[in-house]
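Source: prediction; values computed, not measured.
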Amino acid sequence: MTAQLIDGKAFAATVREKVAAHVSKLKADHDLTPGLAVVLVGEDPASQVYVRSKGKQTVEVGMKSVEHKLDRDTSEADLLALIKSLNADPTIHGILVQLPLPDHLDEDLVINSIDPAKDVDGFHISNVGLLGTGQKSMVPCTPLGCLMMLRDHHGSLSGLNAVVVGRSNIVGKPMAQLLLGDSCTVTIAHSRTKDLPDVVRGADIVVAAVGRPQMVPGDWIKPGATVIDVGINRIDAPERGEGKTRLVGDVDFDSCAAVAGAITPVPGGVGPMTIACLLANTLTACCRANQLEEPEGLTV
């Protein structure tokens with residue numbers, strides 16, 4: 001391995017320290033505690049683990065954590081009524097509805113019922129539009145975390161060629177907007193991109209967010225490029241024993257690390273940054289709601 005490892009776990013710890021320090025200052029100076037409400041519908045095991053982790057880290061940085069766990073068959077009307085009450089609650093500054101939702105619930109309707117100022121996931125159509133036009137918005141957590149790590153590694157991103165592999169509303173599209181905002185030349189590539197390997201080879205920055213395990217091999221990577229691997233995929237690992245699995249990203253780590261200048265691992269790369277940025281967004285939302293100075297370096 002020749003690439004520098006971008007340690008998302010360590011970076012996320014630094015972000016949480018900054019959040020905790022600012023939260024402590026808000027309490028001392030303004031008697032104000034940022035509040036995050038997480039709504040979980042159903043009993044998806046992965047979502048339950050994620051929600052528990054969010055709640056634990058929210059409390060650890062000194063914020064108020066509220067969890068609403070609803071039955072899988074909860075009606076859309078009841079879910080919307082809960083969101084309406086959270087929108088009106090002055091002690092709640094961030095609202096997150098854990099996705100995916102059960103099939104009978106309209107995700108777009110639910111997400112767009114959240115007050116955009118409390119939409120700490122950055123998924124509300126108003127925040128999408130604000131981000132796309134370069135205005136102040138709530139920024140999706142995973143792309144925000146990626147941008148923080150890229151800025152930390154490179155300093156200025158101005159003039160760099162960036163390729164985002166993946167065009168999802170959650171990562172691919174907002175990631176491209178953030179990179180444009182930092183004056184990169186940006187290409188969004190996807191499954192129908194012609195000559196995809198050659199497109200990726202032209203990139204100084206590669207953000208892989210396509211959801212296919214180890215899709216990007218090392219011979220697609222420009223020597224010295226920075227590789228941000230957003231993918232989290234579980235694959236069979238017979239070498240660990242029968243029925244065992246392991247987590248891999250969207251890039252083939254070993255071959256890419258032999259060529260890249262810097263790379264994020266999976267696990268321990270982008271993943272930890274997502275929750276750290278959720279906390280940062282909740283803090284930012286609290287500061288904006290109370291017309292206070294926003295924390296430096298925790299938003300765009």
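In this model, a donor atom of one side chain and an acceptor atom of the other lie less than 3.5 Å apart for Lys54 and Gln98. Between Asn281 and Thr284, the side chains place no donor N or O within less than 3.5 Å of an acceptor N or O (distance only, hydrogens not considered). Between the side chains of Thr91 and Lys64, at least one donor-acceptor pair of N or O atoms lies under 3.5 Å.
For His30 (side chain) and Leu32 (main-chain N/O), no donor-acceptor pair under 3.5 Å exists by modelled atom type. Of the possible donor and acceptor atoms, none in the side chain of His154 sits under 3.5 Å from a partner among the backbone N and O of Ser156. A donor-acceptor contact shorter than 3.5 Å is absent between the side chain of Asp121 and the backbone of Leu96. Here the side chain of Thr133 pairs a donor or acceptor atom with the backbone of Gly129 at under 3.5 angstrom. Between the side chain of Ser183 and the main chain of Ser158, no donor-acceptor pair closer than 3.5 Å is present. In this structure a side-chain-to-backbone donor-acceptor pair under 3.5 Å is missing from Thr245 to Asp236. Within the 3.5 Å criterion, the main-chain N or O of Thr74 finds no donor-acceptor partner in the side chain of Asp71. Under a 3.5 Å cut-off, the side chain of Asp250 and the backbone N or O of Asp229 do not form any donor-acceptor pair. Judged purely by atom type and a 3.5 angstrom limit, Asp182 has no side-chain atom pairing as donor or acceptor with the backbone of Leu157. In this structure, Thr299 contributes its side chain and Pro295 its backbone to no donor-acceptor pair below 3.5 Å.
Expressed to the nearest 0.5 Å, how far CG of Leu101 lies from CG of Asp108 amounts to 10.5 Å. In this structure, the separation between NE2 on His93 and SG on Cys287 is 9.0 Å, given to the nearest 0.5 Å. The distance from the OG atom of Ser191 to the CZ atom of Arg212 is 5.5 Å, given to the nearest 0.5 Å. To the nearest 0.5 Å, atom OG1 of residue Thr226 and atom CD1 of residue Ile6 are 5.5 Å apart. Taken to the nearest 0.5 Å, the CD1 atom of Ile228 stands 6.0 Å off from the SG atom of Cys146.
Residue Glu296 qualifies as open at atom CD: its count of foreign heavy atoms under 6.0 Å is 12 or below. For Lys27, the NZ atom counts as densely surrounded, since its 6.0 Å shell holds more than 12 non-hydrogen atoms of other residues, nucleotides or ligands. Heavy atoms from other residues, nucleotides or ligands lying under 6.0 Å from CG of Asp31 number 12 at most. Other residues, nucleotides and ligands contribute more than 12 heavy atoms inside 6.0 Å of the CD atom of Gln135. In Asp103, the CG atom is not crowded: 12 or fewer heavy atoms of neighbouring residues, nucleotides or ligands sit closer than 6.0 Å.
Minimum heavy-atom separation, Gly62 to Thr33: O-CG2, 3.6 Å. Taking each heavy atom of Glu76 and His104 in turn, the nearest pair found is OE2-O, 4.1 Å. Of all the heavy atoms in Asn112 and Phe123, the pair that sits closest is OD1-O, 4.5 Å. Scanning all heavy atoms of the two residues, the minimum distance from Ala3 to Ile263 falls at CB-CG2, 3.9 Å. When all heavy atoms of Pro213 and Val248 are compared, the closest pair comes out as CB-CG2, 3.8 Å. Contact between Gly122 and Asn127 at its shortest, heavy atoms only, is O-CB, 4.2 Å.
A salt bridge links Lys136 with Glu294; the closest basic N to acidic carboxylate O contact falls under 4.0 Å.
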message: The test is salt bridge (charged side-chain N to carboxylate O under 4.0 Å, His left out); show your working for Glu43 and Arg72 and say whether it passes.
response: CA-CA 7 Å; Glu43 298 180 352; Arg72 179 177 177 80; over 6 Å; no
